[in-house]
Amino acid sequence: MSAEENPAAEPAPVIDVQGDGRWMSQHNRFVQECKDAEPDVLFVGDSMVQLMQQYEVWRELFSPLHALNFGVGGDTTCNVLWRLQNGELDNIRPRVVVLWVGTNNHEHTADQVAGGILAIVQLLLSRLPKCKIIVLGLLPRGEFPNPLREKNAAVNNLLRTSLPQLGPVQLIDVGGGFVHSDGTISSRDMFDFLHLTASAYRTISTSLHELLLQLLEETPQERRASLV
Amino acid sequence: MKTWLCCCGAHWTSSGVMSEDANPAATPSPCQDIQGDGRWMSLHNRFVSDSKGKEPDVLFVGDSLVQLLHEFEVWRKLFSPLHALNFGVGGDATQHVLWRLVNGELDHISPKVVVLWVGTNNHGHTPEQICGGIMAIINVIHQKLPHAHTLVLGLLPRGKSPNPLRERNASVNALVQAEVASLSHVSFLDMDPGFILSDGSIAHQDMYDYLHLTPQAYQKVCQPLHERIKSLLDKHAP
C-alpha cells in the first residue's frame, strides 16, 4: 500500500488545538537531543514509549544502554513518521531502534495501521542502513473484550510475517499474559486499561532488555571500529 | 424557575441544582466512548465498587495529574499511609468529574478530606466557566459528604513557553481562591513550587511533556500537599 493509498502512512504533525504548543515543543527538544547525544538505542513511538522513561526501569535497564526516548503521548503512525522525517533522525546513528506505535490510529483500519508501521520501518532502514529494528506488538486494551483488542491483534498478525521481509527487523509481542482467562485486563497491569503500571513495564522490559543486549553484541566488529 | 447568578457565571436554582444550559463546565457529562474500548466507564465502575469496599480517610479526585500520582513511589510513601483512594481519570474536565461524583463515586464512603485537582482539560471554556465547574463539584461533595473538608488544588502552568493556557489556569486559580475564601469546609492550595523558570520556560525534567509531572516534580509538589492534608486530618479528629 503506497502512501497515497494509506492515510496511516502519510506524515503529519499534530495540530496545536489546545493552545500551548506542547507537541512541537517535544519534537524540537528531540531534534536538539540528536545534536547533542550519541545513542546506541533509540526508542520511538507514542505514550507507551514516553511513559516508560518516567519509571525506575528506564534508569535501571535502558539508560545504561545509551538509549534515547522519543515517545510522544497520543502519537499515531503519521505523527511518528513526520517527526522522523523532520529532524529526529539527524546526526545520530543508533544501532537499534525500538518502535512502538499504532494503538492511537483510531481513524485507520488494521491494514492501514500495519502499513503505517511498515512505512516507518522502511524510513528507518533507509536513513540508518546498519540499524536493527525491534517493533513492539500493539498491546490489548480495555477492561473487557472489545473491537480495539481485535484490531491491535490483527495489526500484529499482519506485521509478524511482513516485517522480517524488509531487513533486520523483528516483531516482539509483549502482550501475552495481560488478558486473563475471564477476558479481563487488570488495573494492576494497566492502570487505565491502556497504559502500563510500573510492574507491568518491568515484566515486558526483561525480555526486551535481553534482546537489546543480544542485538548490541551481534556486531562486535562495528563496535571495535567505532572505538578506534 | 427562579435562578441566582453566581459571580462565576453559574446559575443556581432554589434547590441548589445547577441550571443546565448555563455552564457546560458545570453540567454533569459522562465521557463518550469514541475509541471503542469503554475505558472511561470501566474506570468509573471500578471506583464505584471500590467505594463500596473501602474506608478511605482521604479521597483524591480529578484528572491525569491525580491518576498518574498513584503510579509513582510518592503515592506509596506519602498518601497510602493516610488511607487514601485515588479516583483520577486522565483527560477528565470538570463536567466529567461532576458526573462521576453524582453517579456513585461518593456513595458508601465518608472520607474526612477530599482533594480535588481538575480544570486543566476544560478546553474551550472560559476561566469563569471552569471556576463554576469546580464550585459545582465542591457543592456536590458538600451535599454528599457534609462533614468532609475539600482541598482544591491550584491548576499548574503548562506548555514549554508562555501561552494562553497558562493565563487561563492562573485566572481560574484566582477566581476559585476568591470563591472558597468564605467557605469553612473548603480550602485552596497553590501547587506550583516555581515551575516557570526565569526565562519563562518550564523544564522537561519537571513536566516531561510540558503538562504531566515527572516523579521528581511530584516529590516537589507533594511535600506541602502531604503536610496540608495531615493538618486537615488532625483538625478533623474527634
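Keep in mind it's a predicted model, so treat the numbers as computed, not measured. A note on names: the letters A, B, ... follow the listed sequences, proteins ahead of strands, and every chain is numbered from 1.
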Portion of A/Gln50 that has a non-hydrogen atom of chain B nearer than 4.5 angstrom: side chain

Contact part of B/Arg166 toward chain A, heavy-atom cut-off under 4.5 Å: side chain, backbone, both or neither? neither

Under 4.5 Å heavy-atom distance to chain B, tell me which part of A/Leu51 shows up: side chain, backbone, both or neither. side chain

Just how far is it from atom CD of A/Gln18 to atom CG of B/Asn121, taken to the nearest 0.5 Å? 7.0 Å

Minimum-distance pair of heavy atoms, taken over all atoms of A/Gly19 and B/Pro164: O-CD, 3.7 Å

Please check if the number of heavy atoms outside A/Lys151 that lie under 6.0 Å from its NZ is greater than 12. yes

Taking all non-hydrogen atoms of both residues, which atom of B/Gly159 and which atom of A/Arg22 are closest, and how far apart? CA-CG, 4.0 Å

Which bit of A/Arg149 is near chain B, if near means a heavy-atom gap under 4.5 Å: side chain, backbone, both or neither? neither

Donor-acceptor side-chain pairing of A/Arg29 and B/Tyr208 below 3.5 angstrom: no

Contacting moiety of B/Glu73, where chain A heavy atoms sit under 4.5 Å: neither

To the nearest 0.5 Å, what is the distance between OG1 on A/Thr103 and CG on B/Asp37? 8.0 Å

Answer yes or no: does atom CD of B/Glu227 have more than 12 heavy-atom neighbours from other residues, nucleotides or ligands under 6.0 Å? yes

Identify the heavy atoms of B/Leu68 and A/Phe191 that sit nearest to each other, and give their distance. CD2-CZ, 4.0 Å

Going from OG on B/Ser42 to CG on A/Leu194, what distance comes out if it is rounded to the nearest 0.5 angstrom? 12.0 Å

Of all of B/Asn163, B/Val89, B/Asp209, which one pairs up most often with chain A through heavy atoms under 4.5 Å apart? B/Asp209

Go through the atoms of B/Ile34 and report whether side chain, backbone, both or neither lie under 4.5 Å from a heavy atom of chain A. neither

Would you sort out whether B/Glu71 and A/His195 count as a side chain to side chain contact (heavy atoms under 4.5 Å, CB included), showing the intermediate values? CA-CA 11 Å; B/Glu71 301 310 310; A/His195 296 103; over 6 Å; no

Heavy-atom pair of closest approach, residues B/Arg46 and A/Ser187: NH1-CB, 3.1 Å

Do B/Leu43 and A/Phe193 touch side chain to side chain, with heavy atoms closer than 4.5 Å? yes

Nearest heavy-atom approach of B/Gly36 to A/Pro147 is O-CD, 3.7 Å

Atom CD of B/Gln205 with >12 non-hydrogen neighbours under 6.0 angstrom: yes

B/Gln216, CD: over 12 other non-hydrogen atoms inside 6.0 angstrom: yes

Relative to chain B, which of A/Thr197, A/Asn146, A/Asn28 shows the most heavy atom pairs under 4.5 Å? A/Asn146

